[in-house]
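The block underneath contains the structure these notes are about, expressed in structure tokens.
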Amino acid sequence: MTDTRAQLTAKDFTSNQEPKWCPGCGDFAVLQQLKNAMADLGLKTEEVVVVSGIGCSSRLPYYVATYGVHGIHGRALAMASGLKTARPELSVWVGTGDGDALSIGGNHYIHTVRRNLDLNVILFNNEIYGLTKGQYSPTSKVGLRTVTSPNGVVDHPINTVALTLGAGGTFVARVMDRDGKFMREIFKRAAEHRGTSVVEIYQNCPIFNDGAFDAFSDKDRKADTTLYLEQGNPLVFGNEGQKGIRLDGFTPVIVDLSDTTISKDDLWIHDEKDFIKANILSRFFDDPDTSATFLPRPFGIFYVEDRITYEDALTAQIEKTQENGEGTLEELLRGTSTWTIN
Amino acid sequence: MTDTRAQLTAKDFTSNQEPKWCPGCGDFAVLQQLKNAMADLGLKTEEVVVVSGIGCSSRLPYYVATYGVHGIHGRALAMASGLKTARPELSVWVGTGDGDALSIGGNHYIHTVRRNLDLNVILFNNEIYGLTKGQYSPTSKVGLRTVTSPNGVVDHPINTVALTLGAGGTFVARVMDRDGKFMREIFKRAAEHRGTSVVEIYQNCPIFNDGAFDAFSDKDRKADTTLYLEQGNPLVFGNEGQKGIRLDGFTPVIVDLSDTTISKDDLWIHDEKDFIKANILSRFFDDPDTSATFLPRPFGIFYVEDRITYEDALTAQIEKTQENGEGTLEELLRGTSTWTIN
Amino acid sequence: MRETSTLNKEEMVTAKTSVSVLFAGDSGDGMQLTGTQFANTVAVYGSDLNTFPNFPSEIRPPAGTVAGVSGFQLQFGTSSVYTPGAKFDVMIAMNAAALKANLKNLHYGGIIITDTDGFDAKNLKLSGYGEENNPLLDGTLKDYTVFQIPVVSLTRKALAETGLSTKNIDRCKNMFVLGVLYWLYSLPLETTVETLKTKFAKKLDLAEANIKAVTAGYNFGDETEMFSQHGRFTVAPADKKPGVYRRVTGNEASAVGLAAAAKKAGLELFLGSYPITPASEILQTLAGLKKWGVKTFQAEDEIAGVLTSIGAAYGGALAATNTSGPGLALKSEGLGLAVILEIPLVIINVMRGGPSTGLPTKPEQSDLLMAMYGRHGDAPMPVIAAKSPVDCFYAAYEAAKIAVEYMTPVLCLTDGYLALSSEPMLVPSPDELASITPVFSPVRNADDPPYLPYKRDDRAVRPWGKPGTPGLEHRIGGLEKQHETGNVSHDPENHALMTRLRAEKVARVADIIPELTIDNGPENGDLLVLGWGSTYGAIKKAVEQVIEGGCSVAHAHLRYINPFPKNLGELMGKYKKVLIPENNCGQLLSMIRDKFLIEPVGFSKVEGLPFNEMEIEAKITDILKEL
Amino acid sequence: MRETSTLNKEEMVTAKTSVSVLFAGDSGDGMQLTGTQFANTVAVYGSDLNTFPNFPSEIRPPAGTVAGVSGFQLQFGTSSVYTPGAKFDVMIAMNAAALKANLKNLHYGGIIITDTDGFDAKNLKLSGYGEENNPLLDGTLKDYTVFQIPVVSLTRKALAETGLSTKNIDRCKNMFVLGVLYWLYSLPLETTVETLKTKFAKKLDLAEANIKAVTAGYNFGDETEMFSQHGRFTVAPADKKPGVYRRVTGNEASAVGLAAAAKKAGLELFLGSYPITPASEILQTLAGLKKWGVKTFQAEDEIAGVLTSIGAAYGGALAATNTSGPGLALKSEGLGLAVILEIPLVIINVMRGGPSTGLPTKPEQSDLLMAMYGRHGDAPMPVIAAKSPVDCFYAAYEAAKIAVEYMTPVLCLTDGYLALSSEPMLVPSPDELASITPVFSPVRNADDPPYLPYKRDDRAVRPWGKPGTPGLEHRIGGLEKQHETGNVSHDPENHALMTRLRAEKVARVADIIPELTIDNGPENGDLLVLGWGSTYGAIKKAVEQVIEGGCSVAHAHLRYINPFPKNLGELMGKYKKVLIPENNCGQLLSMIRDKFLIEPVGFSKVEGLPFNEMEIEAKITDILKEL
Ligand SMILES: Cc1ncc(C[n+]2csc(CCOP(=O)(O)OP(=O)(O)O)c2C)c(N)n1
Ligand SMILES: Cc1ncc(C[n+]2csc(CCOP(=O)(O)OP(=O)(O)O)c2C)c(N)n1
Ligand code: SF4
Ligand code: SF4
Ligand SMILES: [Mg+2]
Ligand SMILES: [Mg+2]
């Protein structure tokens with residue numbers, strides 16, 4: 001059957017269900033860019049499955065006109081792993097939250113990442129449990145006061161990028177909910193990567209954790225607090241690109257490019273294939289409001305590694321055993337050793 | 001009550017239950033050093049609790065004459081976290097396996113590590129499920145043939161040290177089951193560290209995964225394949241200490257110290273407080289038998305960080321609310337707003 | 001609702017014994033707050049009352065739509081009030097959607113108070129009535145008494161001089177309506193005025209504006225001609241037991257019950273928990289009780305929730321964990337460990353609509369059989385259930401008492417209906433609470449015989465050996481244990497013995513729980529309505545009604561489900577028929593059939609909604625007809 | 001065991017109809033292998049048989065101790081053999097500990113074959129007899145027929161010329177004993193010789209040595225005077241149905257059953273699983289079936305085990321997951337999701353002793369109520385149980401058929417006893433297997449009406465819409481779903497309807513399952529013994545016995561537990577009493593009481609051991625006395 005349908009548009013990926021997120025929720029933007037990216041990638045609605053757990057963000061599948069399963073809390077990646085193993089030819093996307101993926105789902109998270117199934121994971125990090133009305137999450141900042149932390153959070157937060165690298169991730173990126181175009185491109189790169197691609201999205205929850213990422217998205221501060229990673233380019237930031245990052249031994253330091261003694265050539269050049277650099281970058285994680293030695297928060301692709309996917313390795317084993325043909329039902333029933341009674 | 005009992009010995013920490021491990025199992029050595037370390041630390045049997053999950057290694061509590069709980073599979077760290085939170089004054093040790101801690105228990109693992117409860121975690125890594133008779137584990141090497149991987153493991157293994165660092169660990173060490181004295185010292189350092197201390201032990205399982213670590217313990221190979229980390233000292237190895245490790249930018253390279261142009265001063269100096277270095281060290285993880293660019297496998301303490309423990313932070317909050325006295329039962333029952341009917 | 005009218009000198013005042021009111025408006029209209037104010041006022045005034053909020057299932061659904069309507073229902077009265085009312089007598093509708101969503105539950109002839117400013121073209125369209133169909137004008141409401149008040153306009157007028165922005169002024173419209181209602185039910189403004197002063201202590205202009213608005217609403221009632229035909233109402237204070245009262249929701253009561261039990265027992269309370277609707281407020285309330293030394297641990301998942309609690313219990317704390325269905329499923333394995341370890345642990349399960357994620361914001365009673373049997377192996381534990389918001393306090397307290405005194409996990413069932421409903425609670429004095437006595441083994445010396453952590457007393461209960469105590473060092477776990485020593489044992493007879501002893505211990509709890517009594521109705525007769533959990537109020541009301549109608553019907557309500565009270569079989573035997581209403585497919589019914597080999601009539605409602613008294617009354621009437 | 005002796009020309013040969021043998025020795029003595037060899041030989045010879053291994057619970061317990069004894073029990077016979085034998089007729093004891101551990105289960109007057117070299121001072125001490133108390137000498141064994149053979153010495157002598165090391169020679173001692181046993185039971189050496197040749201194809205010297213040893217043992221039997229008094233025995237081949245046979249354990253059979261179902265249905269088999277005793281061999285067997293396209297996924301835990309399976313099922317695979325009690329507890333929440341998603345899924349739960357970690361290597365039937373009720377909400381699913389190792393194949397196969405054809409998870413119960421027991425299986429031809437027909441929705445075009453993933457057929461079954469199929473794009477999840485469309489719905493009546501339809505669908509499975517038949521005994525009479533699961537063999541034997549004794553007793557065995565066969569109530573009604581033996585505290589008993597309001601006699605054995613026929617026979621006799 002040759003497919004004569006034209007290339008689909010974002011609209012074709014829009015389901016008939018009205019999104020039920022709060023007005024102003026960062027989730028809307030992600031949904032839009034996801035649909036844009038799917039269209040850009042030339043996907044067909046029937047070959048895509050969107051899988052999720054439970055949370056505001058995990059409502060995602062209902063709003064995309066593809067196949068979709070809204071599972072149970074924390075188990076999206078396990079469900080997606082089974083689906084992908086059984087059906088490697090499908091394009092499987094996972095929508096999950098900081099609670100869903102990193103709290104109750106943390107175990108599936110680290111194991112999926114190390115197995116490197118070819119999944120595209122969209123991790124909506126709003127540093128809060130939205131759906132259950134505002135309890136702190138494992139990414140919440142220390143000191144955050146919520147209904148379950150009236151005296152402030154005491155748990156040290158998870159650094160998603162660092163955890164993913166530690167668990168053996170092969171594609172890790174971070175984007176801001178407001179950076180629509182950038183997100184769209186990163187989604188496409190994620191989809192093109194063969195392996196588990198994690199895209200962490202800083203997603204504002206205006207209801208329960210409003211402004212959690214303002215330091216990185218406020219017009220006036222953004223330029224000084226964020227660092228956009230571009231492959232092969234030096235790390236520069238600041239509203240006129242006047243600041244750069246250089247390595248002093250292992251210590252990243254901010255340098256002033258207006259200082260004529262410093263040239264761009266001395267700067268750290270971003271290389272998304274460099275694991276060590278990715279690790280150091282992942283530690284640009286301190287709080288611009290409280291840290292004296294603050295380094296700008298990186299956005300973009302931290303790391304990409306080529307490693308065989310779980311399903312490819314499994315398929316290869318199966319194909320190897322079937323070199324001389326698949327087993328028949330009769331052979332299966334007889335097993336390896338039989339005797340006959342007449 | 002002043003305690004007039006003399007300092008205890010390893011024997012005092014020996015319970016009346018005969019260990020039920022197979023002859024030659026690496027677990028025996030760990031048990032012995034644990035008891036030695038407890039004695040060295042001047043602990044009393046009644047102030048120690050050994051908590052475990054399920055697995056051969058998780059039998060540990062039965063053999064130590066302290067308090068102990070042998071829980072359910074994968075949940076040792078959760079149980080220990082509750083115990084430590086309720087009773088911060090106890091010395092809580094956790095015995096767990098690669099399956100128990102990193103497979104089914106992976107979520108509790110990463111969360112315990114980030115919360116940084118003051119627990120001493122002894123992680124027996126034999127790269128196999130021993131108790132259930134030889135299925136591969138999440139630390140098994142790719143290609144390992146076991147009862148559940150007759151065609152070889154396809155899952156990329158967990159690198160325990162890297163995962164722990166990625167999850168925000170504050171104390172990570174690795175030791176070999178045969179290095180008794182070394183282990184004993186590391187156990188003591190682990191106990192002295194205030195926070196979650198993880199000691200990964202390469203533990204041979206002669207029955208189901210014999211020789212998994214031979215490359216690092218065989219007399220003839222050991223010197224070239226292992227690297228013992230010592231605080232403040234340069235990274236040197238080889239049977240006569242004739243090899244060293246230097247950093248070329250970010251790239252660690254092996255240098256020949258007999259080459260007179262190279263001095264020990266150029267070598268990487270181990271600094272257990274240096275997070276970036278610890279991260280790079282954690283990636284000395286390739287297989288001596290198959291890797292062309294093999295770097296020696298590090299043993300010792302990779303990283304130590306001072307960070308407030310969960311229970312200390314919680315206690316501080318409680319003390320703060322109780323500055324003007326603890327709440328009474330009567331106040332509790334009345335709550336914040338009452339009215340009276342006469 | 002019975003009434004007597006008297007014509008006052010100046011005005012007509014009708015006395016009522018109970019009134020059910022619904023405050024309904026858009027999610028942004030502050031209906032929960034308004035309802036709460038009203039509830040506090042009638043409580044202080046001395047009424048009995050019961051409230052139930054009805055949130056939309058989304059956090060912030062589109063404004064003005066039916067999905068976005070937020071409701072707060074409340075019944076108050078002179079005699080005991082057990083439910084928020086099956087239908088309401090009065091409904092406040094702040095906009096068209098609020099009217100549309102709730103009209104079906106208004107009593108025929110009931111009162112509607114509307115903000116006509118919420119019925120403009122936009123609101124009509126969003127509500128689904130359509131711009132052309134204003135229900136206030138087209139006869140839709142002809143069977144009701146409708147008061148149309150331009151609330152927004154009147155509030156703006158009243159606050160014109162405050163200098164506040166229009167946005168801030170409009171936020172006070174709910175106070176205006178509240179004032180009108182206070183006037184209508186002859187209630188004082190003081191409680192609300194006081195609350196507003198405290199709440200806006202740092203924003204005096206807002207305090208003043210809100211007070212102005214509620215007063216303006218009250219005065220509007222006085223001055224307008226609108227009410228002259230109907231006059232005002234009074235609801236005399238209830239004849240309540242004298243004492244100090246507070247208002248609690250079921251979840252607050254559960255939390256305080258646990259904390260109180262810990263204090264009474266002289267233990268530290270530890271709660272390991274993972275948030276889940278509708279159980280989260282228990283964690284939230286306890287997180288705020290640090291002054292009482294309560295430790296809450298927000299775990300990474302429900303498994304860690306129960307396991308941290310088990311760890312804490314091993315450490316000598318009063319340990320608890322709370323959750324709802326999906327979380328209880330995840331805790332199954334951990335609960336089995338608690339059973340075999342024989343350590344005290346309270347599990348509060350706030351039931352919601354299942355299976356799976358189901359109807360997470362709706363109540364149901366469908367976890368009973370899981371509570372009983374949802375563990376592998378033969379793993380019995382006591383199961384108890386709360387019947388009202390206040391009873392959640394006593395149920396949690398008793399669960400803790402049984403747990404500590406019988407060294408066992410205890411499952412305490414409440415549901416999403418109780419969890420969020422509120423009612424006044426007569427604050428007990430500390431002495432009135434039953435004692436809770438943990439039995440910690442004492443220090444042992446080197447020459448004492450070895451410690452036996454599984455040596456049972458005559459109730460088959462083992463001792464609690466607290467880490468840190470010299471001489472009690474012992475090691476236990478999930479493997480079968482040897483009788484008395486607690487060492488691992490694979491011995492066949494020992495396993496049979498331990499299995500029997502564990503079951504016996506739980507069965508013996510029946511020795512200390514009270515026999516089941518008849519809540520209302522004759523000691524024997526035609527029909528016994530046997531309820532459990534949150535069906536209490538509806539059954540109570542229904543049975544009151546049919547008794548008044550002369551029927552031979554009684555009501556008994558089970559707090560203890562495992563073990564059953566000793567006299568349950570005998571008691572059921574005194575009636576020709578037994579009716580068991582449940583918000584599930586018949587789970588208690590199954591247990592009763594199994595245990596007593598009798599054939600009660602089951603009555604299931606599985607709609608994510610509690611029973612109302614009318615449904616139960618109708619069912620009773622049907623059964624009586626066939627007797 | 002009945003026997004007839006005939007005196008041959010040269011020798012006395014006693015014909016027996018069945019013999020139960022125990023091979024017991026130290027863990028290192030290769031008893032599992034020896035027993036397996038014997039089993040293969042009698043199988044090929046044509047006997048019916050049943051085997052059961054008995055490992056120590058540690059992996060490598062101390063050599064020479066009772067804890068270190070490894071046993072392999074086997075019964076073979078001329079007529080059908082259902083169990084490995086309650087007690088054994090013959091016992092091979094390779095050392096003192098083996099004798100000590102097992103003597104109590106040897107029939108009075110039974111045969112003991114010992115390796116006297118295993119009764120030296122060291123062995124006597126380690127065994128716990130004590131150096132001074134050699135049971136071979138002190139009269140302990142006076143009630144038995146004891147053959148004392150210096151096996152090690154004789155083996156060394158026989159293999160002296162092989163040039164092998166003593167260590168390697170000593171490893172052949174088990175073959176020597178096996179040879180003796182072949183002689184004693186007049187069995188051929190061929191099967192074993194063939195096996196040894198294949199096994200040691202690459203180590204010819206070892207092959208030769210082992211063959212020498214088994215031959216030497218056989219010849220020893222021929223030559224020694226030892227047996228002259230007793231002579232030899234024969235057990236005539238069973239009158240088995242002609243055909244091709246294989247030997248399977250329950251776990252192998254379960255695995256092959258699933259794989260066969262997938263092939264027959266034209267689906268890919270996916271198993272998501274986490275290892276756990278005694279269920280791991282199902283995963284292990286399937287991991288070896290890659291040639292048949294089977295995909296196994298060793299998950300990080302049991303939750304991922306079931307969730308990966310659900311994902312695969314959504315993707316159109318025949319998905320399964322297997323586990324034992326603790327793992328089933330962890331899967332509870334996932335199973336609830338499978339129920340509401342209404343997708344096919346087979347869960348094989350291999351029951352072991354509980355609660356908690358319990359007795360992990362021992363069988364028990366105590367997960368039945370969890371299988372039925374261990375999920376939150378009303379979440380029914382079919383539950384079936386296997387009765388024998390071979391039946392594990394058919395149970396797994398039928399579970400898959402029901403799952404696929406009714407779009408439902410199906411729970412299939414086996415236990416640790418069935419899992420490891422083996423028996424001959426008549427290999428069915430592919431055509432003999434029942435058809436399995438998945439109903440995938442066909443491609444839809446743009447102008448077709450929208451796809452309705454929850455539109456049910458007249459059995460209340462919904463269609464399977466496979467991702468990748470154009471036009472079927474649909475989104476479903478754990479929230480309650482609208483009838484037909486599958487969209488999220490909070491509507492009260494819809495929830496009631498869906499709850500009813502889910503239950504109805506499961507109930508309708510009763511339409512296709514066979515009515516329960518009497519396995520043995522009269523169609524009506526005094527007593528019906530109603531069993532389920534692995535109690536089959538013991539009940540079968542016991543009932544055969546009492547029937548032979550003239551009692552009016554019948555046996556029926558339940559494969560389908562939810563729903564029950566339609567005629568179950570009626571069938572039970574035909575007997576004065578019903579007896580339900582179970583390896584738990586009475587779980588099926590509870591279900592039968594609940595459902596049928598009758599009062600069967602329960603008979604519990606909770607010792608981590610299966611029933612034996614004598615226990616059941618005794619119980620039957622007791623009941624009959626009281627009738
Ligand atoms: C087993 C289980 N536990 C708890 C819950 C309750 N719950 C639903 S969503 C959620 C957290 C959601 O947080 P996150 O994943 O960050 O999503 P967000 O709503 O913030 O997008 C919780 C605790 C549940 N549904 N199931
Ligand atoms: C819930 C549950 N799942 C599975 C098991 C079976 N099980 C027991 S120990 C174990 C793995 C042990 O591996 P590891 O932790 O590495 O310990 P080791 O025996 O190798 O020391 C497994 C799968 C169990 N007891 N409980
Ligand atoms: S609660 Fe927060 S995360 Fe959830 S929909 Fe509303 S704004 Fe978005
Ligand atoms: S199986 Fe392996 S890990 Fe377990 S006790 Fe034996 S040697 Fe040790
Ligand atoms: Mg979130
Ligand atoms: Mg291991």
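What you are looking at is a predicted structure, and each value in this text was computed from that prediction instead of being measured. We name chains A, B, ... by the order of the sequence lines, and we start the count at 1 in each one.
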Portion of [X] that has a non-hydrogen atom of chain C nearer than 4.5 angstrom:
| X | result |
| --- | --- |
| B:Val48 | neither |
| B:Leu314 | side chain |
| B:Ser337 | backbone |
| B:Val69 | both |
| B:His111 | side chain |
| B:Ile72 | both |
| B:Glu89 | neither |
| B:Asn342 | backbone |
| B:Ser91 | neither |

Most chain B-contacting option - heavy-atom pairs closer than 4.5 Å, from C:Thr469, C:Asn487, C:Leu341, C:Leu426: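 With the most close heavy-atom pairs to chain B, the winner is C:Thr469.
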
Criterion side chain to side chain donor-acceptor pair (under 3.5 Å) on B:Ser57 and B:Asp27, from CA distance to verdict: CA-CA 6 Å; B:Ser57 39; B:Asp27 292 357; 5.1 Å; no

Separation of B:Asp100 CG from B:Ser58 OG (nearest 0.5 Å):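 CG of B:Asp100 is found 4.0 Å from OG of B:Ser58.
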
From CA spacing to verdict: side chain to side chain donor-acceptor pair (under 3.5 Å), B:His70, C:Arg475: CA-CA 7 Å; B:His70 178 222; C:Arg475 294 147 293 277; over 6 Å; no

B:Arg307 side-chain N/O to B:Arg114 backbone N/O, donor-acceptor pair under 3.5 Å: yes

